[in-house]
S.K.: 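Got a structure here, written out as structure tokens. Questions coming.
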There are 2 protein chains.
Amino acid sequence: MSTDPLVVFTPSGKRGRFAKGTPVLTAARQLGVDLDSVCGGRGICSKCQITPSYGEFSKHGVTVAPDALSDWNAVEARYDEKRGLKSGRRLGCQACVMGDVVIDVPPESQVHRQVVRKAASARPIIMDPATRLYYIEVDEPDMHTPTGDLERVARALRQQWDVTGLTTDLPTLAQLQPVLRKGGWKITVALHKTRADATPTMIAVWPGFHEGGLFGLAIDLGSTTIAAHLTNLENGQVVASSGIMNPQIRFGEDLMSRVSYAMMNPGGDTEMTRAVREAIDALAAEIAKEAGIDPSLILETVFVCNPVMHHLLLGIDPVELGQAPFALATSDALNLTARDLELGTLPAAAQIYILPCIAGHVGADAAAVALSEEPGKSDDLVLIVDVGTNAELLLGNKNRVLACSSPTGPAFEGAQISSGQRAAPGAIEAIRIDPVTKEPRYRVIGCELWSDEDGFDAATATTGITGICGSGIIEAVAELRLAGLLDGSGLLGSAEQTGTPRMVPEGRTHSYVIFDGTADDGPLITVTQGDIRAIQLAKSALYAGARLLMDEMGVDTVDRVVLAGAFGAHISSLHAMVLGMIPDALLANVSSAGNAAGTGARIALCNLEKRAEIERVVRQITKVETAIEPKFQDHFVAANAIPHKTDTFPELMKIVTIPQVSFNAGGDREGGGRRRRRA
Amino acid sequence: MSTDPLVVFTPSGKRGRFAKGTPVLTAARQLGVDLDSVCGGRGICSKCQITPSYGEFSKHGVTVAPDALSDWNAVEARYDEKRGLKSGRRLGCQACVMGDVVIDVPPESQVHRQVVRKAASARPIIMDPATRLYYIEVDEPDMHTPTGDLERVARALRQQWDVTGLTTDLPTLAQLQPVLRKGGWKITVALHKTRADATPTMIAVWPGFHEGGLFGLAIDLGSTTIAAHLTNLENGQVVASSGIMNPQIRFGEDLMSRVSYAMMNPGGDTEMTRAVREAIDALAAEIAKEAGIDPSLILETVFVCNPVMHHLLLGIDPVELGQAPFALATSDALNLTARDLELGTLPAAAQIYILPCIAGHVGADAAAVALSEEPGKSDDLVLIVDVGTNAELLLGNKNRVLACSSPTGPAFEGAQISSGQRAAPGAIEAIRIDPVTKEPRYRVIGCELWSDEDGFDAATATTGITGICGSGIIEAVAELRLAGLLDGSGLLGSAEQTGTPRMVPEGRTHSYVIFDGTADDGPLITVTQGDIRAIQLAKSALYAGARLLMDEMGVDTVDRVVLAGAFGAHISSLHAMVLGMIPDALLANVSSAGNAAGTGARIALCNLEKRAEIERVVRQITKVETAIEPKFQDHFVAANAIPHKTDTFPELMKIVTIPQVSFNAGGDREGGGRRRRRA
């Protein structure tokens, strides 16, 4: 009927005519407007808050009279009194259409609201969680038409929410009868779907309307650290983040030593599985406590991890991942339960999603990076480098995406470095060396000041200066090169050769003293020739991996470089390029994506469709196997110098001047161009 | 091409023309002939044995020449040498069609072979198990197209068996890699489906071709006993049967006392759940040992049980089943795993199927009886009585099926009877009392002879005579009535009143001495007035239940009565009718179905489609609730006499003469008709 009032929803612009007296929520549902509701329009959940606008809207061709919606009613008044309703807000299930009206759905009332990601360049996360809450009113049992309580819950979901095909699990079923009776046949259920078109599983039940929320964990299970983000699954907000060391470190620092441990020790894999599961369980308990929420509300967990961690988490012996052809037991994504992984902190029925692996050396963590950074949607050619104990590399654009992993070892994380340490307060994270005086200045984690600024000593008195972390050692090596203290082959000069007493002998080689705290029983922090070699090996592996992908793609340059990994966020692009870690690119086109794997886990946690998307995408990624590719060795050897020949780094040479010094092990300085200044 | 040879399969009669050289198995598959194969035509499994016929077959219009099939080949010769091939048999995957031929598929080569059931009237069980074996050859992993081993197994199943949508569980996945390598990429997998159209789950893997078979348990989980049949899932044969007492008896003899225990003792339900699961687990281990098979080969278990046992098995507090409206937590069939029920003897991934419940008092055991006896397919009106501690009754025909349960108590099982015992060697199971001499003769379990036959004493020397079991007490009470020692109201006469010294005083009432072994320190086996009362209560409840169903159906008589239950197999129809346990029917129309619930469990174990059938059927059964129906009480009171008025048992009166004696508690014999002889 054309005389029915016109309802226009913003921001969607969806519009339609509805009979007078139609609740706004009903109109929204019929038009497919994204307006949330858990209680199904019973005035309980307050998720359907809307803001009517009054006046003339030429854009929409509507004039809204003051009486366009029904009067404020008792339900709204009660809610306002109890919880407070923002000025101008109405409950969509209570306010009825009485005349032409423009209705704004604020972001917090949208099911598919957007969650802003920290990185400025990043796309927002759209909420579309696999687990959702539904409030239902269930028929009481009737002896004359006997059906189980579960079957009547299924009927209520069908009738009240159009949800069909309900299943559940034993632990939830065992709770159903007391919860139904406690709630007076009104309950809230959490339904989980593994796919948008899958039938739902009921994984939790609460009496009455459940106000406690619904949470999920995004876990980045690394070889060295396990990081978790506890996320509110109703609005996508991260409510707590926490991390712990991976207790498997005691079985081996890097992945291959853990695989060896499993091979050499019968039951060793089971031992490592138990250790990591216990650690995750403890982390879940700790993060829930930190956020002040009951762990029983954590109903989803997403894991991203490399293949070895993946298998050890699942209880699969990783032995096949230690030898060619590096066969995964399974490469597809997995839907499991907390009970499957023996995570007792979480409800037994809590759902686990593990992203797919790309290949035997390129795991669910690389898939998560692909999900976060979306190289396959890029117009220009992007190289994504996720640096960890193993580095994962993705190179691609809309046409094609390649992936490989590269065994960098833990040097970039500060391990196997003489003064190295993990990124923690007191660690030197940035350093500059004056090319004239050869004197260093630096910054430590936990203090914003540089060491030559006033107040630095006082500010660092508590933490002290304890060592160098990953980003610090990269800058140190690059700065040593820029200051002419390190030659292109990776040799440190002597005090004589360089003219600075900071170069001290260490056996037949030399070290550079950054900080000498020995007078106060503090550490002596140096960069040794051994440190340089460790970094050279790591960066050569990384660079060789990138080159291999570029060869496969048939290109000599990339348009963009994205540095990912917790570490990637702190690394200086310039220094990484001076070091020759990454291929040459315009400095403006090198960006940091932060912990892209962790972000990928958060995306999969919040958005079911994104899980399906990454499952499709990983099958389209071409895997390049570094371990068996002879060219990898060639690139690795060629990449040893710091940096390579100038013709391979033309963009870099426009920015900095790299001294052409050359030292021999014995002593005399060679070559020219010393004391060239940085541009 | 009409010149291709014609292949006719018997017994199906399916026929088609195939190019010369086509393997018989291939022809059978293309025609949809039911010819088994696990190895997919590789000459390994020998499941596809066929028998070619030669000569002229006017019925099929075919003349089969001696060279109609290819020559006996090396694979067949090797198999014959190793295992022996029956004379005239060929392997269907090796023998190729060379001319017109008639091929017989023997029963043991049919997937859907029939399993003969013991009861003569019963339909055979058709094999169509939910879990089947598949032999596959899996591609080796390839670094250049990296996929997980599981994904390559899925591909092999798709390519070699047209099986799609494979999933698996963690325990099976953890075994996959070593099994694939041990088998040289040739493995046998067990795939389970919950429905004919469901995607399969891989629940077991073996290297190479698995010859160990595949087994299932059909478990009848009763309040008092737990009976299990271990069945070969490839041919349906029961390889071992075993039973144990339900350890929950220590928490309460009957169901309601167990529900009370759960209500009165916090954690009592958990205690009972643990007890029954442990007992089932031990039973599974015992039966596997008895049959000499590895419990890891038991991949399916079907449970039938009453609702209280159902909930306690699942770990659901049965409290709601103890009070109106007797709401089940769930009434639908359940698909679970051994891990869900903590049955550690079985593989964690072993599948559990629990039949649906009909209502809060009519459980999966009644559903199993319905599956076995199929009242809904009967042309005539059949009453099925499953006697246990609770009796389940089904009344129906093609038009409508009704069900109820009746609280008979354990008297029919020999419990709460003074000389009662469970059916075991030494128990009196049959008894006759001479109406003239009033002397008894009887048979005990474990001996075929009657007590007045030569050799009885010697034959029973080992077991002795220890008590009366359920069928014995029913016969004893009926015989006492027929011999004029018991009046219609249920009073036993004195020695004076009856003229036999076998009637001895017991307080103010009298007992009948069946056997006095006290001289040799043996038992004194009597039927007391209390025993009569217990049996009267039980039989009145049973009869009242049947009457209630007949009222609901609007009938006064039934065409057939089927006695089910382990006990039903041993009960004398005549005596049951004299006692008034069951409504009057032509004696020829009263039959025993043996343990119909157990048979129903076996059917569901062997046939997936039957699971779907019973799930449909139970939803069509009308439940009659005895507990709240006032007429039940009326029928119960009216059914107290033994038997009722003659006009309610006209058929019975044509067969036997029931003395019209009447005793009062004090003493003198009343009424006439004493010493009437049996017809």
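Letters A, B, ... mirror the listed sequences (proteins, then strands); counts begin at 1.
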S.K.: Taking C-beta and beyond as the side chain, do A:Val369 and A:Asp365 meet within less than 4.5 Å on heavy atoms?
M.R.: no

S.K.: To the nearest 0.5 Å, tell me how far A:Leu176 CG sits from B:Glu320 CD.
M.R.: 10.5 Å

S.K.: Just so I understand: if I count every heavy-atom pair under 4.5 Å between each of B:Pro307, B:Pro325, B:Ala348 and chain A, which residue has the most?
M.R.: B:Pro325

S.K.: Under 4.5 Å between any side-chain heavy atoms of A:Gln351 and A:Ile203, yes or no?
M.R.: yes

S.K.: Could you tell me which portion of B:Ile358 (side chain, backbone, both or neither) has an atom closer than 4.5 angstrom to a non-hydrogen atom of chain A?
M.R.: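 For B:Ile358, backbone heavy atoms alone lie under 4.5 Å from chain A.
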
S.K.: Can you pull out the residues in residues 192-201 of chain B with any heavy atom less than 4.5 Å from chain A?
M.R.: none

S.K.: If we check side chain to side chain contact (heavy atoms under 4.5 Å, CB included) with B:Ser405, which of these qualifies: B:Asn306, B:Leu393, B:Val362?
M.R.: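 Among the candidates, only B:Val362 passes.
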
S.K.: Could B:Arg400 and B:Glu552 be called an ion pair, given the rule that one side-chain N must be under 4.0 Å from one carboxylate O?
M.R.: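 Yes.
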
S.K.: Examine whether an atom of B:Asp332 lies under 4.5 Å from a heavy atom of chain A, and if so say whether it belongs to the side chain, the backbone or both; otherwise answer neither.
M.R.: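 Both backbone and side chain of B:Asp332 come within 4.5 Å of chain A.
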
S.K.: Less than 4.5 Å apart, side chain to side chain, heavy atoms only: is that true for B:Leu166 and B:Leu150?
M.R.: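 Side chain of B:Leu166 against side chain of B:Leu150, heavy atoms only: contact under 4.5 Å found.
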
S.K.: Taking only Lys NZ, Arg NE, NH1 and NH2, and the carboxylate oxygens of Asp or Glu, determine whether B:Arg152 and B:Glu140 approach each other closer than 4.0 Å.
M.R.: no

S.K.: Quick check on the interface: out of A:Thr145, A:Asp169, A:Asp269, A:Ile316, who has the most heavy-atom pairs with chain B under 4.5 Å?
M.R.: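 Counting heavy-atom pairs under 4.5 Å, the top option is A:Ile316.
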
S.K.: Looking only at heavy atoms and a cut-off of under 4.5 Å, which of A:His144, A:Glu151, A:Arg181 has the most pairs with chain B?
M.R.: A:Glu151

S.K.: Of the backbone (N, CA, C, O) and the side chain (C-beta and beyond), which part of B:His311 lies under 4.5 Å from a heavy atom of chain A, both, or neither?
M.R.: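 Only the side chain of B:His311 comes within 4.5 Å of chain A.
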
S.K.: Give me the atom names and distance for the closest heavy-atom approach of A:Leu321 to A:Ala327.
M.R.: CD2-O, 3.7 Å

S.K.: Checking B:Leu170 against chain A: side chain, backbone, both or neither under 4.5 Å from a heavy atom?
M.R.: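 Just its side chain gets close to chain A.
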
S.K.: Under the salt bridge (Lys or Arg N to Asp or Glu O under 4.0 Å) rule, what do A:Arg339 and B:Asp340 come out as? Steps first, then yes or no, please.
M.R.: CA-CA 10 Å; A:Arg339 192 184 58 161; B:Asp340 289 323; 2.6 Å; yes

S.K.: Among A:Pro141, A:Gly148, A:Ala329, which has the most heavy-atom pairs under 4.5 Å with chain B?
M.R.: A:Ala329

S.K.: Could you report the tightest heavy-atom contact between A:Asp139 and A:Trp185, atom names first, then the distance?
M.R.: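 Smallest heavy-atom distance, with atoms named: O-CE3, 3.9 Å.
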
